[in-house]
Amino acid sequence: MKYKPHPGYDSLWNVKMDFEPANQDEPVENASVIRELMLDFKPPEGVEITNLLVPGLNGAPEIPVRIYKNIAVKKAPLVLNIHGGGFVSGDLDNDNIRASKIAEHVGCTVISVGYRLAPKAIFPAQLEDCLSVLEYALAHADGLDLDPEKIGIFGTSAGGCIAAGLCLYLRDHNGPKVSAQVLNFPALDYLATSTSAIQFYDDAPLVQGDGLSGVWKLYLGGFKGDLPSYYAVPALARDLSELPPTCMIVNEYDPLRDEGIDYARKLMAFAVPTELYSLPRVPHGFDLISAPLTDWIREAIYRTFKREFGLL
């Protein structure tokens, strides 16, 4: 396929992520170019950053979290941030830029979750870690200076899958009401048979369709002939009613594009307030680049949270 990169994003075109672990007990390392972009970070003024360990659910290992607090805001809304990495890679450094900017521009506290990774930990470990951190934050809302009535969930790539699954789980189990979910080019369907997955099968920047089934297999602990839980694979959910207002972001040159569009359309069919942004000429992970299109979509993310938190 002939690509025409959006101005400012050319540097991503020769980068490909590796989601195949060399050692089943060690997480996959991010491509060096991507890691450099993640680590090129200076905390914004007015955002205080601290690290913490949160108890795991039912005796699971402690969960590392990073808290980004807008120090000008008292009783701040909470945004739970779930990083990407194909379920097998990534850590708290993935989203320093995304999380700190949300805290700064929304006027909230963001808590980023260092959930357990596949293949060493398979589903539902990731969902349980995020649920445990959310429950901890709400139980300690006074000490963390949070407004427990204003909760947002933000997930990128594989983290978008976990975010969508968490919202489904909370709905089904009478969990706390989530004000908004933002799904940032999420992975939602394990079949990898969409038009975009085939269209970008082997030559797309960063993420290609030919690697999608492999990471799902690692996340789910193998394909065993039965349907996985829709908390693991949100595209399998047949009822999307009563889910939180949603902002969905997809990218033109991304094999995950069409499953995000399909999920957004299903949300709309169930009368869930839904914004859908399809960004032209950019690949998966484009928002690690500081450029005008990145700034533009970030404003949409901030506006979604501020609107649903009653801050507009």
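Throughout, numbering of the chain's residues begins at 1 and tracks the sequence.
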| ILVMFWY cluster, Phe41 and Ile289 together (side-chain gap under 4.5 Å) | yes
| field | Distance, nearest 0.5 Å, that separates NZ of Lys266 from OG1 of Thr274 | value | 12.5 Å
| said: Is there a continuous path of hydrophobic side-chain contacts, each under 4.5 Å between heavy atoms, that joins Leu146 to Leu138? | reply: yes
| task | For residues Val272 and Ser241, determine if any side-chain heavy atom of one lies less than 4.5 Å from a side-chain heavy atom of the other. | result | no
| field | CG-CD1 distance between Asn94 and Ile97, expressed to the nearest 0.5 angstrom | value | 10.5 Å
| Counting N and O atoms only, with roles assigned by atom type, does the side chain of Ser89 sit under 3.5 Å from a partner on the main chain of Gly85, one being a donor and the other an acceptor? | yes
| Salt bridge flag under 4.0 Å for residues Arg298 and Asp287 | no
| Hey, quick one: are Val15 and Val207 part of the same hydrophobic cluster, counting side-chain heavy atoms closer than 4.5 Å, chains of contacts allowed? | yes
| said: Could you go through Ile111 and Leu78, starting from their C-alpha distance and side-chain angles, then the distance that decides it, and tell me whether this counts as side chain to side chain contact (heavy atoms under 4.5 Å, CB included)? | reply: CA-CA 7 Å; Ile111 300 182; Leu78 165 66; 3.7 Å; yes
| Residues Thr246 and Gln181: side-chain donor-acceptor under 3.5 angstrom | yes
| To the nearest 0.5 Å, what is the distance between CG (Asp189) and CG (Asp258)? | 11.0 Å
| For the residue pair Tyr9 and His6, does the interplanar ring angle fall in the parallel (under 30°), tilted (30 to 60°) or perpendicular (over 60°) class? | perpendicular
| request: May I ask you to test the Val282-Glu252 pair for a side-chain heavy-atom distance under 4.5 Å? | output: no
| request: Look at the aromatic rings of Tyr219 and Phe87 and report parallel, tilted or perpendicular, splitting at 30° and 60°. | output: parallel
| query | Looking only at heavy atoms, which two atoms of Val79 and Cys108 are closest? And how far apart? | reply | CG2-SG, 3.9 Å
| query | Considering all heavy atoms of both residues, which atom of Ala121 and which atom of Ala125 are nearest to each other, and what is their separation? | reply | CB-CB, 3.9 Å
| task | Would you give the length of the straight line joining atom CG of Asp262 to atom CE of Met248, rounded to the nearest 0.5 angstrom? | result | 9.5 Å
| Side-chain heavy atoms under 4.5 angstrom apart, residues restricted to Ile, Leu, Val, Met, Phe, Trp, Tyr: same cluster for Leu12 and Leu39? | no
| said: If we count only N and O atoms by modelled type, under 3.5 Å, do the side chains of Glu275 and Tyr277 hold a donor and an acceptor together? | reply: yes
| task | Test side chain to side chain contact (heavy atoms under 4.5 Å, CB included) on Ser157 and Asn184 and set out the steps. | result | CA-CA 6 Å; Ser157 189; Asn184 193 28; over 6 Å; no
| query | Do NZ/NE/NH1/NH2 and the carboxylate oxygens of Asp91 and Arg66 come within less than 4.0 Å? | reply | no
| query | If only atom types and distance count, is the side chain of Asp254 paired as donor or acceptor with the main-chain N or O of Pro283 below 3.5 Å? | reply | no
| remark: Taken in chain and number order and not counting sequence neighbours, the residues that satisfy ring-ring contact (aromatic ring centres under 6.0 Å, His included) with Tyr263 are none
| Between Leu166 and Cys130, what is the shortest heavy-atom contact and its length? | CD2-CB, 4.2 Å
| OG-NZ distance between Ser179 and Lys306, expressed to the nearest 0.5 angstrom | 15.0 Å
| Short question: side chain of Thr156, backbone of Gly159 - any donor-acceptor pair under 3.5 Å? | no
| message | Would you say Tyr3 and Asp10 are linked by a side-chain donor-acceptor pair, where the criterion is simply a distance under 3.5 Å? | response | no
| field | Distance (rounded to the nearest 0.5 Å) between Leu57 CG and Glu135 CD | value | 6.0 Å
| request: For Gln126 and Arg116, indicate whether the former's side chain and the latter's backbone hold a donor-acceptor pair under 3.5 Å. | output: yes
| task | Would you check if the side chain of Ser132 reaches a backbone N or O of Val54 as a donor-acceptor pair within less than 3.5 Å? | result | no
| said: Which residue in the set Asn96, Asp95, Asn81, Thr50 passes side chain to side chain donor-acceptor pair (under 3.5 Å) when paired with Tyr68? | reply: Asn96
| task | Tell me whether the centres of the aromatic rings in Tyr115 and His83 are closer together than 6.0 Å. | result | yes
| side-chain hydrogen bond (donor to acceptor under 3.5 Å, both in side chains) involving Lys177 - partner list, sequence neighbours excluded | none
| Cluster check Phe185, Ile198: I/L/V/M/F/W/Y, side chain < 4.5 angstrom | no
| task | In sequence, state the C-alpha distance, the side-chain angles, and the governing distance for Leu191 and Leu212, and then conclude on side chain to side chain contact (heavy atoms under 4.5 Å, CB included). | result | CA-CA 8 Å; Leu191 294 178; Leu212 298 181; over 6 Å; no
| message | If you define the side chain from C-beta out and look only at heavy atoms, does anything of Gln199 sit under 4.5 Å from Pro255? | response | no
| remark: Heavy-atom closest pair (Asn70 atom, Gly107 atom, distance to 0.1 Å) is ND2-CA, 3.6 Å
| request: Kindly give the heavy-atom pair with the smallest separation between Pro55 and Ile63, and that separation in Å. | output: O-CD1, 3.9 Å
| message | Would you say that Val110 contacts Ile67 through its side chain, given a criterion of any heavy-atom pair below 4.5 Å between the two side chains? | response | no
| query | Shortest non-hydrogen contact from Pro205 to Trp13? | reply | CG-CE2, 3.6 Å
| query | Counting only N and O atoms by type, is there a donor-acceptor contact under 3.5 Å from the side chain of Lys150 to the main-chain atoms of Phe309? | reply | yes
| task | Would you please indicate yes or no on a ring centroid separation below 6.0 angstrom for Trp216 and Phe123? | result | no
| said: With side chain to side chain contact (heavy atoms under 4.5 Å, CB included) as the criterion, how do Asn251 and Arg257 come out once you've worked through the C-alpha distance, each side chain's angles and the decisive distance to 0.1 Å? | reply: CA-CA 6 Å; Asn251 312 316; Arg257 180 193 67 205; over 6 Å; no
| said: Within the structure provided, determine whether Val133 and Leu80 are in side-chain contact (heavy-atom separation under 4.5 Å). | reply: yes
| task | Decide yes or no for Lys74 and Asp147: does some side-chain heavy atom of the first lie under 4.5 Å from some side-chain heavy atom of the second? | result | no
| Heavy-atom donor-acceptor pair, Gln208 side chain to Ala204 backbone, under 3.5 Å | yes
| query | Do the rings of Phe200 and Tyr253 sit parallel, tilted or perpendicular, given the 30° and 60° boundaries? | reply | perpendicular
| query | Between Phe305 and Pro77, is any pair of side-chain heavy atoms under 4.5 Å apart? | reply | no
| query | Looking at side-chain heavy atoms only, is the closest gap between Pro234 and Cys161 below 4.5 Å? | reply | yes
